[in-house]
Trainee: 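Handing you this structure, nothing more for now.
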Amino acid sequence: MARGLQSHLPLLFLSSLSSSLARPRSVQTSEMSERRSSPEDDCSSLLSRLGSDSPRPRMKYGGMFCSVEGAFENKTLNFESFSPQTQRRRAAGNRTDGRDAGQAPAFPSGHAREIYGKRQGDRLIIKGGKIVNDDQSFYADIYVEDGSIKQVGENLMVPAGVRTLDAYGQLVIPGGVDANTNLLAPQRGLTPPGGFFMGSRAALGGGTTTIMEHVLVEPGTSLLAALDQWKETAEQTACCDFSFHLDITRWHEGLNEELETLVRDHGVNSFLFFMSYKDKYQSSDSQLYEAFGVLRDLGAIAQVHAENGDIIDEEQKKLLSLGITGPEGHVLSHPEEVETEAVYRAITIAKQANCPLYVTKVMSKSAADVIAKARKKGMLVYGEPITAGLATDGSHYWSKDWATAAAFVMSPPLNPDPSTPQYLTSLLACGDLQVTSSAHASFSTAQKAVGKDDFTLIPEGTNGIGERMSVVWDRAVCTGKMDENEFVAVTSTNAAKLFNIYPRKGRIAVGSDADIVIWNPKETQTVSAKTHNLSVEVNILEGLEFRGVASVVISGGRVVLEDGKLNVNEGSGRFIPRKAFPDAVYKRIRARSKMAEARGVPRGSYDGPVHDVISMTKSVPPTPTTRGPPCPKTQMNLRNLHQSGFTLAGTQIDDHIPRRSAQRIVAPPGGRSNITSLS
Amino acid sequence: MSDCRRQWNREDELPVYLAGPINTGPNQKKSYGMFSSVEGAFESKTIDFDNYAVGRKGSRTPRSGSRERVLDAGDPMGKTSSEAREGSLTNSTGETDDAHPGVESERLLIKGGRVVNDDQSLYADVYIEDGLIKQVGENLVVPGGIKVIEANGRMVIPGGIDVNTCLMKHYLGTQPADDFLQGTKAALAGGTTMIIDHVTPAPGESLLEAFECWQEAADKKACCDYSLHVDIPQWNEIVKDELELLVQEKGINSFQVYMAYKDVYQMSDSQLYEAFSFLKQLGAVVLVHAENGDLIAQEQRKILGMGITGPEGHPLSRPEELEAEAVFRAITLGNRVNCPVYITKVMSKSAADTIAQARRKGSVVFGEPITASLVTDGSHYWSRNWAKAAAYVTSPPLSPDPTTPDHLNTLLACGDLQVVGSAHCAYSTSQKAIGKDDFTLIPEGTNGVEERMGFVWDKAVAMGKMDENQFVAVTSTNAAKIFNLYPRKGRIAVGSDADIVIWDPYSVKTITAKLQQSASEYNIFEGLECRGGPALVLSQGRVVYEEGKLQAQQGTGRFIPRKHFPDYAYQRVKFRNQVNRQQGVTRGLYDGPVYDVVPTPKYITPAPSAKTSPISHQPPPIRNLHQSNFSLSGAQLDDNIPRRSGHRIVAPPGGRSNITSLG
């Protein structure tokens, strides 16, 4: 169908469009050829020319994710080309689009179709605001139509009857991207109350328009099936756009194919591994190394929950035996060092595997320092502090009120050091940490009370999805640590770049999704469980006052928050697929894998005497007498036995290897008749 | 002075109250800097050296005497407890005394030397009798007819202590070229008068038996005093009992655990945690071989897969980061357990830096660079000569970064690293050639016991990084303190063992395998020039090396038992134990609603259940049940098991006729 349309397109537009399209991404050409043809794009390219010149590109000054020169031209791009597997979803969107309704073939899109019907209505112009991107700020108006930004500039020519939003004196920023939420993941059979609907609603209320949810795949479950379930739930209930990380709780070689499918066809490009939760989710170093290698080849990003599960397990046992059962036991059993150690180890493994690493939930100063140092050594590692870690500290674990103390329980725990939030904010401001998220996983007090007699049973998680943007504004911008552009970077743009949804998300530019927040820096709000948009009765930030509030939030071109009132549609959120090999990360990885080729030394073969191992193994046992070590050390031969081209009768070496001999028993040289028992 | 000497025998009988003054000496230290001199140390040294001898029993068994000394120094807070312990210890003292007949009764006077200890240097004569230092001072009154050694202003230093040698480490049934005889001869020739060797039992072997085997071999062959570390190849309950026995009765206070050698020696973090906790209770020092074995195994597979089989594969598969990571982890574990950690073989800058930083944060951690890492770098792994490249193979490997030795020397000089070992484990080229087609099979180990002292002088003192006192500290005193040999070893003081070296800072010698004592045919320092060397070495009061001539006597080496809870490592730990008591919060019982976990698996809980997907509201138990349900088939269960599918392909349901390919 799409190809058929192509021939009708005006050649003029097509040529300009295709030239800009064909330049950057080579991988997607086949898909692009299909998408390029949609009439909507056609339109946008026409309109974009009008507006795109007005913002004057400012020269970048340093910073980590500073803008790319010439980025502005690219903005007219069709952003669909950045996402795999969007054809169908977007096509469905087009079909329900008002203008093209006539051409829409009868595709069974069902539920989603209605949603799109609803969301496409708004045409908006945002006037008089100061547009803040991560690289620059400028005054301009924005025209939004069909859920995307059509024009940016002054004196826009817009159709009549367009709704006007007044943003005078306020900032217009890209909607926040929350890179870490757990709205569905059950813990010990407890599901976070509210689910996607309440979670995404709270997100919108705080100015976050895209969430990246962690899909917790229980050991033994299929990754694809888990993703599908999550996706289905989210499509039905989420009211903001969402994307998924997959949490892999048990790594084995068999996952390779599934991962490949996920990355190629399902738009997932990030996978989380646990270094803690011993005997449950924990991955060993070997597994991590293997997994990281696979992820690198797929162009995905490895995430880790970095805590040393072995030590935590021991500490938990110790504390429980000391009779400490309250929530303070949680922080005592998850000391800072344990986090730091795991971060260090994860970075080492990622370095060896040459894989980009994203450390979720950086909660302590020393862990953040390790990341900062590693970055200084050139490693590709990203750190994510969370709302709770930036706003409060771990002193509350010692609260006399059990419910309060338990509400703060999360892993890694909030640090009892009261200077931690400030320190993390500073690192965030200077670029040593890059992304803020919420790690939102809220449980009701009754659910937390499951662990009232044993802190290890308390479901872990804190709220923060709604407060995230305000916390960063208040703690970092108001204190003078970062400017408004950096604010946009850490709340939105960096995450979008890392996870490859930039510039569709994380930027106000022509062609980007119309996820826009009008930010009022002057207003203040006081956080309280009474007023927050969640269904739990506690808020860990209770009573704290934050400057900076989202006064208007536009998600997918619809105004969802206005005058303090949320107006959301359940199920209006779209799944945002993400392509592999995000440029912000993988450019360097590619170059490094070329450099990292190890080479052997060509040398003549050694022709000197070789110590006779066989005779020694035979003769040794008698020599140091019967008391001595009976079996000589088999130090390293386990590792590469089959590799040894070592000529002396392999049988002798084999004798040291328990495993090998076991295999031989399974398949004796004579063959066996009963083969079924092999499996 | 003579009066003093005569009194001395009498004083022996009154150890308790006189032990006081001595006791306070070392412990009142107000140290500025790490190993800085002791305030008031000078007085105690010059005023009355005889005081030091108080602890000694009249019977001249050096063993029991030294025990007393160690005890005194080792327990600042509880003199009473040290006395209590004394009784239990004396049982085991007698046995090894007969191992060194004929050592006594040599009387020597070292005249005109400059006595260099770790805290100060002073001009003094040293009088030695019965293998012990009897007097230190000027114008000593000594019996006539004794042998006088003229030091002529040269330095008189405590004999070196090499804390890391492997003279009996089996590898695939072969023994290192240097056994206890060759190895200790080499040690003496280099100015080292005591070694601490690693007992390396194979996994599954009894530690106790291995220890006895080592001790037997060493008693027969060693020419200098020795002690033993015991390596723990595996962690289990049996090992615990043996460790307790070793600590309580055999005089072992240091045990090595491995973070590398996957599937052989490697312990998991949980095991390490347990082992650390247990060893801490015993008061032992935990030695850690710090490398990430998991990743090494992976890297080795990768590198062999790339077709790299030569010795350069060794450093390629064991990059510096893996060492630093493991050091970091070991320190973290040590901090959590609150247990002193001793990192053996610090080979890279980043590992050394990690240790230095941890010390700055207050961790009780010690780092031991070795001769090889202080002198040479890993560029030789890429040598065209296979035998040469293989000779350098040791783990962790020498860092290919040529600035490493300099950096390590600097850290050693400033006290961030404390002890110099040699990790001497010399295999002949033909033994190394076992791995000629696979670098992972090359036996690991380099020489260095003989060159250790000389090169520290050359690289650190002669370069101006370190003074002579620090030189004594890193080559001898610190090791003696950490492993609880001090002040019997590691110090020139009245009552200490007469392990003394007259050091010639101006001698220059070119290292070559032809002239070395070690039996290995390749010396990794071949051709290097080394300033500084021993002019004369006394072991147990006997001249064993003089002007290039070695007169070592096989079997004269004594086993030196070491008591647990070395003060130097454990004093801080004890205080931290008291400070760091973890306490819970006393709060009223939580009386609010509690989410009912039990019924949830039965029925999906709240309102939106019909609409949302089942997964969101299903707790794990039920998900496990459903899991076979929603997905394809019962084969799901099998999917949990990695590599299972591979097996199935090998043996399809229909059966196969050709079964041999399975092997």
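This one's a predicted model, so the numbers in the text were calculated from it and none came from an experiment. Sequence lines set the chain letters: A, B, ... in the order given, protein chains first and strands last, and positions in each chain run from 1.
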Trainee: Take Gln287(A) and Gln298(B) through the side chain to side chain contact (heavy atoms under 4.5 Å, CB included) test and state the conclusion after the steps.
Mentor: CA-CA 10 Å; Gln287(A) 288 172 320; Gln298(B) 296 275 3; over 6 Å; no
Trainee: Which pair of non-hydrogen atoms, one from Ala449(A) and one from Tyr590(B), has the smallest distance, and what is that distance?
Mentor: CB-CE2, 3.0 Å
Trainee: Given the rule in the side chain to side chain contact (heavy atoms under 4.5 Å, CB included) test, do Asp285(A) and Arg329(B) qualify, once you have shown the distances and angles that lead to the verdict?
Mentor: CA-CA 13 Å; Asp285(A) 292 359; Arg329(B) 188 148 41 102; 4.1 Å; yes
Trainee: Give, as side chain, backbone, both or neither, the part of Ser277(B) having an atom under 4.5 angstrom from any heavy atom of chain A.
Mentor: neither
Trainee: Against chain A, label Lys302(B) side chain, backbone, both or neither, depending on which of its atoms sit under 4.5 Å from a heavy atom there.
Mentor: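 Contact with chain A is through the side chain of Lys302(B) alone.
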Trainee: For the residue pair Arg603(A) and Pro311(B), establish whether any side-chain heavy-atom pair is separated by less than 4.5 Å.
Mentor: yes
Trainee: Is there a side-chain contact between Lys373(A) and Gln357(B) (heavy atoms, below 4.5 Å)?
Mentor: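 Yes, at least one pair of side-chain atoms sits under 4.5 Å.
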Trainee: Would you indicate whether the side-chain heavy atoms of Arg336(B) and Val338(A) approach each other to under 4.5 Å?
Mentor: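 A side-chain contact exists here, since the closest heavy-atom pair is under 4.5 Å.
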Trainee: Can you name the closest pair of heavy atoms from Ala433(B) and Pro609(A) and give their distance?
Mentor: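 Minimum heavy-atom contact is CB-O, 3.7 Å.
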Trainee: Is there a side-chain contact between Asp310(A) and Ser268(B) (heavy atoms, below 4.5 Å)?
Mentor: yes
Trainee: Are the side chains of Lys351(A) and Pro319(B) in contact, using a 4.5 Å heavy-atom criterion?
Mentor: no
Trainee: Within the 3.5 Å criterion, strictly below it, is a donor on Ser366(A) or Lys361(B) matched to an acceptor on the partner's side chain?
Mentor: no
Trainee: Please state whether the side chain, the backbone, both or neither of Thr354(B) comes within less than 4.5 Å of a heavy atom of chain A.
Mentor: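 Thr354(B) touches chain A through side-chain heavy atoms alone.
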Trainee: Need one label for Leu322(B): side chain, backbone, both or neither, based on atoms under 4.5 Å from any heavy atom in chain A.
Mentor: both
Trainee: Between Glu312(B) and Val601(A), which heavy-atom pair has the shortest distance, and what is it?
Mentor: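 What the structure gives for the nearest pair is OE2-N, 2.6 Å.
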Trainee: Between Arg345(A) and Glu321(B), is the closest basic N to carboxylate O distance under 4.0 Å?
Mentor: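 No salt bridge links Glu321(B) with Arg345(A).
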Trainee: Would you say Ser284(A) and Asp294(B) make side-chain contact, with heavy atoms under 4.5 Å?
Mentor: yes
Trainee: Between Lys400(A) (side chain only) and Thr586(B) (backbone N and O only), is there a donor and an acceptor less than 3.5 Å apart?
Mentor: yes
Trainee: Could you pull out all residues at least two apart from Glu323(B) that satisfy salt bridge (charged side-chain N to carboxylate O under 4.0 Å, His left out)?
Mentor: none
Trainee: Could you give the distance from OH (Tyr289(A)) to CD1 (Ile296(B)), rounded to the nearest 0.5 Å?
Mentor: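 Going from OH on Tyr289(A) over to CD1 on Ile296(B), the span is 11.5 Å.
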Trainee: So for Ala324(B), is it side chain, backbone, both, or neither that comes closer than 4.5 Å to the heavy atoms of chain A?
Mentor: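 Both parts, backbone and side chain.
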Trainee: Is there a side-chain contact between Val337(B) and Lys318(A) (heavy atoms, below 4.5 Å)?
Mentor: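 No, too far: nothing below the 4.5 Å cut-off.
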Trainee: Please assess Arg587(B) against Asp401(A) for the test side chain to side chain contact (heavy atoms under 4.5 Å, CB included), listing each intermediate value before the final yes or no.
Mentor: CA-CA 7 Å; Arg587(B) 46 168 91 84; Asp401(A) 176 24; over 6 Å; no
Trainee: Would you say that Thr340(A) contacts Phe328(B) through its side chain, given a criterion of any heavy-atom pair below 4.5 Å between the two side chains?
Mentor: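 A side-chain contact under 4.5 Å exists here.
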Trainee: Can you say whether Pro233(B) sits under 4.5 Å from chain A via the side chain, the backbone, both, or neither, judging by heavy atoms?
Mentor: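 Contact with chain A is absent: no heavy atom of Pro233(B) under 4.5 Å.
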Trainee: Sub-3.5 Å donor-acceptor pair from the side chain of Glu325(B) to the main-chain atoms of Thr348(A), do we have one?
Mentor: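 Answer holds: no.
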Trainee: What residue in Leu322(A), Asn308(A), Leu224(A), Asp313(A) has the most heavy-atom pairs under 4.5 Å with chain B?
Mentor: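 Most heavy-atom pairs within the cutoff with chain B belong to Asn308(A).
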Trainee: Quick check for you: among Gly293(A), Ala234(A), Ser399(A), which has the greatest number of heavy-atom pairs under 4.5 Å with chain B?
Mentor: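 Ranked by contacts with chain B, first place is Ser399(A).
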Trainee: If you tally heavy-atom pairs under 4.5 Å against chain B, which of Phe196(A), Trp402(A), Tyr344(A) wins?
Mentor: Tyr344(A)
